[in-house]
Amino acid sequence: MSGSKGRGSKGRVTRSKRNRDAARAAGAEGPLTLGGVLLGGFTRDQLSRAHVVHAVAALVLGAGAALVVDHRLGSSADQEYAAGDRVMAAVAALREDHVHVTDDGRALLDEAGEAAIAATIAERDLPVHVLVWQNSWFAGYDHYIQAAEQVLHQLDEPAVLVLWQGPDDSTTQVSEGYSMREDATSWERPAGEPEYLGAAALRIPEWLGQLPDDPIEPRDWDYYGGRFGGTFIGLLYGLPVVLGAWLLIGVGRLLTGRRFRNRPL
């Protein structure tokens with residue numbers, strides 16, 4: 001019994017000595033860094049050897065995830081602006097002339113009114129397109145505003161599109177990234193769209209007459225407030241994820257009985 005007890009005490013002493021030696025060795029290799037503490041108490045030398053592969057793998061996985069998200073967003077945008085035959089036919093006509101009236105839209109704007117509007121746009125070289133047709137729910141878009149956006153996307157030029165479908169279903173849209181310009185010579189902002197109640201042959205020329213010569217300008221504001229605002233929002237969104245990951249790692253260590261290497265020996 002006494003021999004067994006002695007061997008047990010010697011074993012405990014040996015383990016304690018081994019722990020102290022390990023602590024001194026860790027101190028000799030270098031002080032613990034913030035990254036070492038966060039990653040489990042490893043020394044600078046240990047981090048440089050054992051975790052470089054993990055760090056590279058994390059970077060590769062993060063870059064891959066970013067590329068996947070970017071690809072999916074691009075695919076979503078392509079699907080949103082995917083145009084049907086009706087829109088593509090209108091785009092082809094608008095590339096030839098700034099005003100296009102389909103057969104079903106002739107009741108809304110006659111040939112004389114179409115020619116007058118086209119002459120006004122051409123005289124001032126306005127970046128304005130006018131498309132006149134009857135509203136349809138079976139032409140490859142869910143809403144007439146989406147139809148206008150598809151037309152502008154396919155035109156692929158900074159422009160304003162007046163989609164005239166009558167008093168209840170008309171809209172005026174500007175190319176993505178642009179907005180209507182304010183007239184610096186007037187206290188009143190030009191109307192962003194014509195009055196749809198009335199005849200197109202009257203309302204559209206009235207609206208064109210009050211536009212400045214350069215009616216659109218690049219939109220220079222950013223939803224998140226620029227680069228610094230976007231960085232702050234990214235950190236704000238990412239911090240809970242990082243804290244949650246650390247919490248899960250800690251719970252996993254406790255459940256599996258693994259030691260926390262950054263605690264005192």
Side-chain angles (χ1 to χ4, degrees), residues 70 73-106 108-111 113-166 168-183 189-196 200-201 203-223:
D70 182 71
L73 289 176
S75 300
S76 300
D78 292 339
Q79 293 176 3
E80 180 181 358
Y81 294 119
D85 294 338
R86 191 187 199 199
V87 169
M88 294 306 298
V91 170
L94 289 173
R95 287 198 176 109
E96 300 295 329
D97 193 350
H98 280 255
V99 183
H100 176 60
V101 182
T102 62
D103 293 338
D104 64 352
R106 185 56 69 185
L108 300 173
L109 182 64
D110 58 21
E111 295 181 357
E114 177 185 359
I117 294 173
T120 301
I121 294 174
E123 181 181 359
R124 299 180 56 193
D125 194 22
L126 294 171
V128 177
H129 296 276
V130 178
L131 175 58
V132 182
W133 64 23
Q134 295 286 348
N135 189 25
S136 173
W137 296 99
F138 308 99
Y141 47 83
D142 298 327
H143 195 272
Y144 57 86
I145 292 180
Q146 186 181 18
E149 292 174 346
Q150 289 178 358
V151 171
L152 287 169
H153 181 76
Q154 296 298 329
L155 284 173
D156 195 23
E157 63 182 45
V160 182
L161 175 68
V162 178
L163 178 58
W164 189 281
Q165 302 182 138
D168 298 324
D169 301 313
S170 297
T171 185
T172 299
Q173 298 294 321
V174 185
S175 297
E176 185 177 3
Y178 288 82
S179 59
M180 299 295 293
R181 184 190 300 274
E182 295 186 13
D183 188 356
R189 179 184 177 90
E193 55 187 351
E195 174 62 52
Y196 300 120
R203 298 305 185 195
I204 295 178
E206 290 175 355
W207 176 71
L208 293 173
Q210 55 91 51
L211 289 179
D213 292 335
D214 190 9
I216 61 175
E217 60 184 351
R219 188 172 57 233
D220 56 359
W221 60 272
D222 185 88
Y223 182 80

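Judged by distance alone, the side chains of Gln173 and Thr171 do bring a donor and an acceptor atom under 3.5 Å apart. A side-chain N or O of Trp133 and one of Gln165 form a donor-acceptor pair less than 3.5 Å apart. Defined by atom type and a distance below 3.5 Å, a donor-acceptor pair is present between the side-chain atoms of His129 and Glu157.
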Legend entry - Residues Leu108, Gln134; criterion side chain to side chain contact (heavy atoms under 4.5 Å, CB included); working and verdict: CA-CA 8 Å; Leu108 300 173; Gln134 295 286 348; 4.0 Å; yes
Inset, instruction - Show your working on salt bridge (charged side-chain N to carboxylate O under 4.0 Å, His left out) between Arg181 and Asp213 and close with a plain yes or no. - result: CA-CA 10 Å; Arg181 184 190 300 274; Asp213 292 335; over 6 Å; no
Inset, instruction - Could you check Trp207 against Thr172 for side chain to side chain contact (heavy atoms under 4.5 Å, CB included), going step by step and ending with a plain yes or no? - result: CA-CA 11 Å; Trp207 176 71; Thr172 299; 4.3 Å; yes
Inset, instruction - Please report the C-alpha distance between Arg106 and Asp104 in whole Å, then the side-chain angles of each, then the deciding distance to 0.1 Å, and finally whether the side chain to side chain contact (heavy atoms under 4.5 Å, CB included) criterion is met. - result: CA-CA 6 Å; Arg106 185 56 69 185; Asp104 64 352; over 6 Å; no
Inset, instruction - Test Tyr141 against Glu149 for side chain to side chain contact (heavy atoms under 4.5 Å, CB included), laying out the working first. - result: CA-CA 10 Å; Tyr141 47 83; Glu149 292 174 346; over 6 Å; no
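One distance of note links CD1 of Ile121 with CG of Leu126; it measures 6.5 Å at 0.5 Å rounding.
Closest approach of Pro205 to Ala200, counting heavy atoms only: CD-O, 3.6 Å. Shortest non-hydrogen contact noted between Tyr144 and Ser170 is CE1-O, 3.8 Å. Closest of all the heavy-atom pairs between Ala118 and Asp97 is CB-OD1, 4.0 Å. The nearest pair of heavy atoms linking Pro218 to Tyr178 is N-CD2, 3.6 Å. Pairing each heavy atom of Gly166 with each of Tyr196, the nearest pair is O-CB, 4.2 Å. In plain terms, the two heavy atoms of Leu94 and Val130 that are nearest each other are CD2-O, 3.6 Å.
For the pair Ser179 (side chain) and Arg219 (backbone), a donor-acceptor distance under 3.5 Å is absent. Judged by distance alone, with hydrogens and angles left aside, the side-chain atoms of Arg124 form a donor-acceptor pair with the main-chain N or O of Leu211 at under 3.5 Å. Side-chain atoms of Glu123 do not come within 3.5 Å of backbone N or O of Thr120 as any donor-acceptor pair. Panel note: side chain Gln154, backbone Gln150; no donor-acceptor pair is recorded below 3.5 Å.
Using a 4.5 Å cut-off on side-chain heavy atoms (C-beta onward), Thr102 and His100 make contact. Annotation: side chain of Pro127 is in contact with side chain of Pro215 (closest heavy-atom distance under 4.5 Å).
Checked options Leu109, Val128, Val101, Val132; the residue passing with Ile117 is Leu109 (criterion: side chain to side chain contact (heavy atoms under 4.5 Å, CB included)). Of the options Leu163, Val87, Val162, a side chain to side chain contact (heavy atoms under 4.5 Å, CB included) to Leu131 is made by Leu163 and by none of the others.
A salt bridge does not link Asp156 to Arg95: none of the charged side-chain nitrogens sits closer than 4.0 Å to a carboxylate oxygen.
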